[in-house]
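Structure record follows, encoded as structure tokens.
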4 protein chains.
Amino acid sequence: MVRKRVPEQHEGRRQEILAAAHRCFLRHGLQGASISMICKEAAMSPGHLYHYFPSKDAIIEQMADEYLASLHSHFSGHPEGEQTATVLLSELWSMKGWDDLGHCRILFELLAEAGRNERIRAILKENTDGVRTLLTEALTAGQARGEVDSALDPKHTSAVLVAVLDAAPMLPLMTADLNFEESRKLITTMVGRFLKPQQ
Amino acid sequence: MVRKRVPEQHEGRRQEILAAAHRCFLRHGLQGASISMICKEAAMSPGHLYHYFPSKDAIIEQMADEYLASLHSHFSGHPEGEQTATVLLSELWSMKGWDDLGHCRILFELLAEAGRNERIRAILKENTDGVRTLLTEALTAGQARGEVDSALDPKHTSAVLVAVLDAAPMLPLMTADLNFEESRKLITTMVGRFLKPQQ
Amino acid sequence: MVRKRVPEQHEGRRQEILAAAHRCFLRHGLQGASISMICKEAAMSPGHLYHYFPSKDAIIEQMADEYLASLHSHFSGHPEGEQTATVLLSELWSMKGWDDLGHCRILFELLAEAGRNERIRAILKENTDGVRTLLTEALTAGQARGEVDSALDPKHTSAVLVAVLDAAPMLPLMTADLNFEESRKLITTMVGRFLKPQQ
Amino acid sequence: MVRKRVPEQHEGRRQEILAAAHRCFLRHGLQGASISMICKEAAMSPGHLYHYFPSKDAIIEQMADEYLASLHSHFSGHPEGEQTATVLLSELWSMKGWDDLGHCRILFELLAEAGRNERIRAILKENTDGVRTLLTEALTAGQARGEVDSALDPKHTSAVLVAVLDAAPMLPLMTADLNFEESRKLITTMVGRFLKPQQ
DNA sequence: TATGAATGAGGGTTCATTCAT
DNA sequence: GATGAATGAACCCTCATTCAT
């Protein structure tokens, strides 16, 4: 019974490292953050860190995977077909993590890395595909119910919607005169008008 | 007389370095690309490179500045007020550089860097502000002519439009089933419906 | 009674570790093989390994000792004085281990290490001295029987013979056109002519 | 004219590094010697050393190549066919480097490394082949003149002779009672009797 | 007996930058 | 204007070893 806890400790330590790495990556970028910085942040010696992860790349990859999974996790759990894509989008905005745009700035690190690192690109694609599948189904269902413009290709549209969603953290970098709530409303409006059946 | 040409040579050399740096940054990222790589790409010794730029940061900053300026340069030169924002957007898409989504992936490097580097953030904001000013004026003129929904705040809307524009290079990272032309059409549709006056 | 077996297990485990270490040393060299590699090869945790050996050096030293002892073990057991040195040499060649020249390549590791490590040098010398003593006696007896050239100093000659013997694993490193059997015959011929009384 | 010296300086620096590395390898082995040790020995910063060699392996390989080449260089320059292999062997012994058996102990490092490192093995073989070719020719010529036993295969014999030669540095590791001059005489005797035509 | 968490010094290598020529 | 020698701190990672359990 008591022994059972050991693997949990191991996994717990891994999560601590990932969290420490996330903070360092935010401050210095994926490449700018060094192993020794992450070790300091995780209060751990460099030798020990390598008992949990075989390389810095492995840390980045798992961090990317878990981060993207958590970003998109709010979609699952919704009773399928009960809502339009518009609602889905709107809910996506309110999910955990998105209320801290600073924290999710790491998405840009991943996008930049994905442009030149095949493995990160695969992780990004895999996680994005999950959301796109859900969005595609929601759009198709919405079209069947006459709530979504039938002229739109559901699959392509889902890609555009995800891109729009991911572009959100860009706003505070460009401007100080637009807060989170206002930009959320504007984008929701844009998507709403985009999807609405045209008469 | 003869001496007059020297500063031009100097400027030409600087541009060569910036172009070489751009290629390296694309391949390895802002932090991953090293001075020695840039030197090799520019066929130049490291000592000599430092005659043109005082530091790697200076290279990144000027590269960022010129890159963003060129991205947005198509807006200037248009007789003001003659076109709707929709047209502007559509033209933006056809500008130099955007036809090579791969090449403009460097935007993500800059967005990531802007999140943690004040100077890059300032450069990004400065360049974005130029486009936003033009877009804001075009939107206001469009509203006056009844071509743009008057309910939209022109300033805020311009920010969203720029964000949407900058999100475009994301698409090829997410999906292989959506080519440049199709995504351009979809986004143009979305923006068109967004801005159209609602009856 | 039951407890009696424990020390045997202990010794068995030590031998397993030494065998695992030997394999690692062959693949990566004395310095290139790490404790963690040896642990993996021996299917044992590092903490546990240190219950059997106090240090990596201790492993190397005991491995060296047992390896050299086994190399030379065929000499003992022979009824003293009954055979000439030539026969001894010839038998040495057929002993266990020498038929796998790859396996005995580790001798070079030990020779290299002996050049700079006093303790290994002592182990090498101690084991070599044992063979040299036997060879010296055999040579002396051979001289008494007129089968060995009396002009040769038995002690010095024994050193040369051991060196010739130890040089054998070098051959496959130099050439592919000379197999074990042929080189064995050639060396036996050389030693035979060397020792034979000159008329 | 003055400029001509620059590449010579470069080559000179490389040779200094190789000499420093050789000393370190002698003291600590190929793997035991660290780059920082070599840098200290060569009075050079680690960053600078990598302007001359791309890796530690490259240092080892060039050192091996030049060391082996110098070991065997005394053979060339002899008017072909004028001497027996015995004389060749005897001269080999007096060549530069062999009078310092300590210094040439590095041969064992190379033999050990050759056992598990393909590139070192190739370098060893290449250099050995040069000597074997010369020895083979000398043996063949000696057989034609009746000075060498015709029953011996010249090619195989040359391999054995090189192995015997390379085994020499082993002697001072095994024993203190046999000096360089005595062991040289004994080995020369052995080889002489080996090659002599049997009546 | 046996584990694997933990250390921190050191491994080979690359870095941005400076300077003498 | 142009070179490349030179630095040494920092890079990611591995090491032999110890210790609590």
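Just so it is clear: chains get the letters A, B, ... in the order the sequence lines come, proteins before strands, and each one is counted from 1.
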Could you verify whether a donor N or O on one side chain and an acceptor N or O on the other, from B:E109 and B:Q31, lie under 3.5 Å apart? no
Considering only [options], which nucleotide approaches the side chain of [X] most closely?
| X | options | value |
| --- | --- | --- |
| A:H51 | F:dG1, E:dA6, F:dA16 | E:dA6 |
| D:S45 | E:dT13, F:dC13, F:dA6 | F:dA6 |
| B:H48 | F:dG8, F:dT3, F:dA16 | F:dT3 |

The residue, C:A33 or A:K56, whose nearest nucleotide of DNA chain F is more 5′ is A:K56
Assign each of A:P54 and C:G47 to its nearest nucleotide of DNA chain F by heavy atoms, then name whichever residue's nucleotide is nearer the 5' end. A:P54
Do D:R13 and D:E8 sit within salt-bridge range, that is, some charged N less than 4.0 Å from a carboxylate O? no
Indicate yes or no: at least one non-hydrogen side-chain atom of B:R27 is less than 4.5 angstrom from one of B:E41. yes
With heavy atoms under 4.0 Å as the rule, sort [X] into base, sugar-phosphate or nothing.
| X | answer |
| --- | --- |
| A:A43 | nothing |
| D:A58 | nothing |
| B:I35 | base |
| D:F53 | nothing |

Ignoring backbone atoms, test whether [X] places a side-chain nitrogen or oxygen under 4.0 Å from the OP1 or OP2 oxygen of [N].
| X | N | answer |
| --- | --- | --- |
| B:Y50 | E:dT17 | yes |
| A:H10 | E:dA5 | yes |
| A:S34 | F:dC11 | yes |
| A:R13 | E:dA6 | yes |
| D:Y52 | F:dA6 | yes |
| A:S36 | F:dC11 | yes |

In whole angstrom, give the distance that lies between atom [atom1] of [X] and atom [atom2] of [N].
| X | N | atom1 | atom2 | result |
| --- | --- | --- | --- | --- |
| B:Q31 | E:dA16 | CD | P | 10 Å |
| C:L49 | E:dT1 | CG | C1' | 14 Å |
| A:I17 | E:dA5 | CD1 | P | 10 Å |
| D:E16 | F:dA5 | CD | C1' | 13 Å |
| C:H28 | F:dT14 | NE2 | P | 13 Å |

Starting from the C-alpha separation in whole Å, work towards a yes-or-no answer on salt bridge (charged side-chain N to carboxylate O under 4.0 Å, His left out) for B:K56 and B:E61. CA-CA 9 Å; B:K56 186 185 174 185; B:E61 285 165 23; over 6 Å; no
For B:R14 and B:E11, what are the C-alpha separation, side-chain angles and deciding distance, and is it a salt bridge (charged side-chain N to carboxylate O under 4.0 Å, His left out)? CA-CA 5 Å; B:R14 282 177 64 94; B:E11 182 54 27; 3.8 Å; yes
Find the distance between CD (D:E113) and CZ (D:R119) and round it off to the nearest 0.5 Å. 11.5 Å
Under a 3.5 Å cut-off for both contacts, is E:dT21 paired Watson-Crick or G-U wobble with anything, and if yes, with which nucleotide? F:dA2
